[in-house]
Amino acid sequence: MPDGTPRINLVDPELYATGDPYVQWRWLRANAPVYWHEPTELPGFWALTAYADVRAAYRDAETFSSARGILLRPADHGADPGGGRTLALTDPPRHRDLRRLVDEWFAVRSVRSMEGEMREVTGRVVDQAVERGRCDFVADVAARVPLYVICKMMGVPAGEWERLFTLTSQAFGAGDPMARRFAHLEIMGYFETLAAEKAKDPGDDLVSVLATATVEGAPLSPDDVILNCDNLLVGGTENTRIAASGGMLALMRHPAQWRLLQDDPGLLPGAVEEILRWTSTATHIMRTATRPVEIRGHRVEAGDRVTLWLPSANRDESVFDDPDRFDVRRQPNRHLALGFGEHFCLGSVLARMELRLLYEEIAGRSLRVEPDGEPTMLSSIVVNGPERLPVTFAPGGPAPAVFN
Ligand code: HEM
């Protein structure tokens, strides 16, 4: 292998926990932006790492289908059970029908109407962490607000939020795969019961919408309702938790940028965009080619898996000036962290507001947030970012740059 050529293996989870995937992505963008990744324990796939190619694939939902799954899976795991059934895993026209059911709930006007309540919840979560003085920012701060908000939208009674919080932490956190699976099954069971109740006595919430919905002329089956509830719960919590924590980590590592936000809260909306770009928590998104297609001279066959590496696209030097610089004043900032096109993140307005309120509440308290030990990064090829982020809170200005 010539000097400077990294060994390419994008599907080793350890790379994201302890390594630097940006070395491989940078090399791929420069030398092989359309790269055939040989099979490992996962089947072989095309890896697109350049911004223009990722965006072009995103634009063409007919050629690049979501219905066979949007994440790489070992071949022996079979097809994704949500394939063709959940919002994320359907193609038009069914996708548009499904999306129309819930779009209004996530529109700017609806999300704005929740701002006061979201700020109150965020303030309470931050106050509790500050009172304790030290915490794991991921579990104690970043995970709570998105979970409470999506639970409220879905019509989960407030008395059940803590139970759902514990279950989602078990299901999607680190730890024993068996325990994770059981927690996930319990979540599905919970939504099965809730959806049955809402079907009989609908309220003004998302589970009621799904439980009483008609798509393409037929009611959603109970299984489809549960799978879509799961899609909303996971979508609504996982990426926001990791982006919020990754953003805090970036701000601790760049105290001058944190100081800018403390001095001028008007910079926060732009800072949220930079945090989304910088953290790019959705590591890869997969599509399946529905017909033979050529990308930069490479022939992709019908049925081939085509993966879009969003963190790589968001550091593409042909699109972003000095892409490895974290800059809360970056303009323009047309990142792809929330996807693009047909499946553009349903919760984008909500996620942006959750992130803005969180940093607003912390910055507004003039807190000094400092690392309390090394963070742990997730060992996953699906989402990347902090798994644990121990911090201390104290009154005062920004944290010193103690780690890089
Ligand atoms: C920082 C936070 C978030 C990030 C980085 C993120 C990222 C993404 C990305 C990249 C996609 C596109 C998937 C694809 O192309 O197949 C997506 C779709 C989706 N997101 Fe988010 N998301 C976030 C927050 C949320 C929130 C708060 C919700 C609330 C429910 C949500 C719900 C969804 C759903 C349901 C989809 C599927 C949409 C569709 O297929 O039409 N996300 N998200």
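Along the sequence shown, residues carry numbers from 1. Each ligand, and each atom within it, is numbered from 1 in the order the structure gives.
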Have a look at [options] and point out the one with the heavy atom closest to [atom].
atom                    : options                : value
atom 14 (C) of ligand 1 : E342, R287, M154       : R287
atom 25 (C) of ligand 1 : A351, S66, G235        : G235
atom 3 (C) of ligand 1  : N228, L276, L336, N239 : N239

Taking every heavy atom of L210 against every heavy atom of V225, the minimum-distance pair comes out as O-CG2, 3.6 Å
Heavy atom under 4.0 Å from ligand 1: found in [X]'s side chain, backbone, both, or neither?
X    : result
L338 : both
L346 : both
L310 : side chain
I70  : side chain
F106 : side chain
M286 : neither

Which atoms of ligand 1 sit under 4.0 Å from any heavy atom of [X]?
X    : result
T281 : 5 (C)
R99  : 38 (C), 39 (C), 41 (O)
G236 : 26 (C), 27 (C), 28 (C), 29 (C), 30 (C)

So for ligand 1, is [X] a polar contact partner (N or O within less than 3.5 Å, distance only)?
X    : result
E354 : no
N231 : no
L87  : yes

Nearest protein heavy-atom contact for [atom]: which residue, which atom, what distance?
atom                    : answer
atom 37 (C) of ligand 1 : A88 CB, 3.9 Å
atom 27 (C) of ligand 1 : T240 OG1, 3.6 Å
atom 8 (C) of ligand 1  : C345 CB, 3.8 Å

Are [X] and ligand 1 in contact, using a heavy-atom cut-off of under 4.0 Å?
X    : result
E238 : no
A337 : yes
R352 : no

In I242, V138, T281, T283, the residue satisfying side-chain contact (heavy atoms from CB on, under 4.5 Å) with L378 is I242
Compute both the distance and the angle, then confirm whether [X] meets the cation-pi test with [Y]: under 6.0 Å from the six-membered ring centre, within 45 degrees of the axis.
X    : Y    : value
R134 : F393 : no
R315 : W278 : yes
R59  : F340 : no

Practice problem: Please confirm whether the backbone N or O of A394 pairs with a side-chain atom of R368, one donor and one acceptor, at under 3.5 Å? | Solution: no
D204, CG atom: more than 12 neighbouring heavy atoms under 6.0 Å:
no
(request) Mind telling me whether W36 and W46 have parallel, tilted or perpendicular rings, with 30° and 60° as the class edges? (result) perpendicular
query: Using 4.0 Å as the upper bound for N to carboxylate O, is an ion pair formed by D224 and R94?
result: yes
Quiz prompt | salt bridge (charged side-chain N to carboxylate O under 4.0 Å, His left out) between E162 and R144, intermediate numbers included | solution = CA-CA 9 Å; E162 274 311 306; R144 289 187 179 264; 3.2 Å; yes
